[in-house]
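Working notes for the structure below.
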Amino acid sequence: RGPATPTQMITFGTPKTLNPKGKSLAVEAWFKADKGDGVIVARGGPKDGFAITIEKGRPRFHVRATDKLASIGSRERILGKWHHIAGVLSKDKTMKLYLDGRLVAKGEATGLLGKDPVQGLDVGADSLTAVGNYASPFNFTGLIDEIRLHFGEVDPTFFATVVENAGQKRPIEKTCVLACSFEDGKTVDLSTGKHEATITGA
């Protein structure tokens, strides 16, 4: 075995404005996966958190609420092409996973997040300890674009509209607390929060 691959990731840390405690939420991204395993976006760890991952080439959405994990996933393999993915946690604890605007999986979390996770919002890996049943940092290999985090309920047709309008300039929705398009390789947050990111090897 050679030296361990350094974790390539972007993290937005734990600012109060990204606190998901007790909130309905939606997290979304465009991605192109070159390998079958990895974290697209994650926030939190073994107590409270949420994450979107690819496991064995298939998309999954994880919610951990006060230690208890719920995970949903699609059987579709999604390697080598651009896709839009979104995970939604509603006030009634319903979890939904959207792929390219289509609902591909549904389940139920044990609750909303019980507290503000100690671990920050990571893109491309899940540093420190994992939200789901995977081993951190669970590095993603490929490209990730247009990360957005929303607090509050989103319309079920919302992500289909996002996919239909791909390539057009997109407004910052009222629900949006983080929006990063990585234009010119910069991690500028276009939302009103203007969150700063730390880039590691990415």
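Residue indices begin at 1 and follow the sequence shown.
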Exercise for review: Evaluate whether atom NZ of K91 has more than 12 neighbouring non-hydrogen atoms of other residues, nucleotides or ligands under 6.0 angstrom away.
Suggested key: yes
Point to revise | Among D122, I144, T53, V123, the one residue meeting side chain to side chain contact (heavy atoms under 4.5 Å, CB included) with I40 | key: I144
Study note, to complete from the structure: Exactly one of K56, R102, R58 clears salt bridge (charged side-chain N to carboxylate O under 4.0 Å, His left out) with E76, and that residue is R102
**Study point:** Pair H62-E55, side-chain donor/acceptor within less than 3.5 Å
**Key:** yes
Study note, to complete from the structure: Rounded to the nearest 0.5 angstrom, the CG-CG distance for L89 and L112 is 5.0 Å
Exercise for review: Determine, stepwise, if the pair F50 / L149 fulfils side chain to side chain contact (heavy atoms under 4.5 Å, CB included).
Suggested key: CA-CA 11 Å; F50 57 85; L149 174 63; 3.9 Å; yes
Check your understanding: Parallel under 30°, tilted from 30 to 60°, perpendicular over 60°: which one fits the rings of Y98 and F159?
Key -> tilted
**Study point:** Pair H84, E146: side-chain N/O donor-acceptor within cut-off below 3.5 Å
**Key:** no
Check your understanding: Where the side chain of D48 meets the backbone of L113, is there a donor-acceptor pair that is under 3.5 Å apart?
Key -> no
Review point. Between E153 (side chain) and S24 (backbone), is there a donor-acceptor pair under 3.5 Å?
Key: no
Practice item. May I ask you to say whether R43 pairs ionically with D116, meaning some side-chain N is under 4.0 Å from a carboxylate O? Key: yes
Check your understanding: Within the side chain of T14, is there an N or O that forms a donor-acceptor pair under 3.5 Å with the backbone of Q119?
Key -> no
Review point. For atom NZ of K23, is the number of surrounding heavy atoms from other residues, nucleotides or ligands below 6.0 Å larger than 12?
Key: yes
Review point. Say you draw a straight line from CE of M9 to CD1 of I199; how long is it, rounded to the nearest 0.5 Å?
Key: 11.5 Å
Exercise for review: Spell out, as yes or no, whether a donor-acceptor pair under 3.5 Å connects the side chain of K35 to the backbone of G57.
Suggested key: no
Practice item. List in chain and number order the residues that pass ring-ring contact (aromatic ring centres under 6.0 Å, His included) with F182, two or more places apart in sequence or in another chain; answer none if no residue qualifies. Key: none
Exercise for review: Please step through side chain to side chain contact (heavy atoms under 4.5 Å, CB included) for the pair N165 and R170, ending with a clear verdict.
Suggested key: CA-CA 8 Å; N165 297 329; R170 185 175 159 190; over 6 Å; no
Check your understanding: So, does T94 use its side chain to make a donor-acceptor pair with the main chain of E108 at under 3.5 Å?
Key -> no
**Study point:** R60 side-chain N/O to I52 backbone N/O, donor-acceptor pair under 3.5 Å
**Key:** no
Check your understanding: Could you state the interatomic distance from SG (C176) to CG (D189), rounded to the nearest 0.5 Å?
Key -> 7.5 Å
**Study point:** Derivation and outcome, side chain to side chain contact (heavy atoms under 4.5 Å, CB included), residues V131 and D126
**Key:** CA-CA 8 Å; V131 174; D126 186 353; 3.7 Å; yes
Revision key, fill the gap. Between the OG atom in S191 and the CG atom in L18, the distance rounded to the nearest 0.5 Å is 7.5 Å
Revision key, fill the gap. Checking D145, I54, V41 against F31 for side chain to side chain contact (heavy atoms under 4.5 Å, CB included), the one that qualifies is I54
Study note, to complete from the structure: When rounded to the nearest 0.5 Å, the distance separating CG of D37 from OH of Y134 is 11.5 Å
Point to revise | Rounded distance [0.5 Å steps], CG in L143 versus CG in D34 | key: 6.5 Å
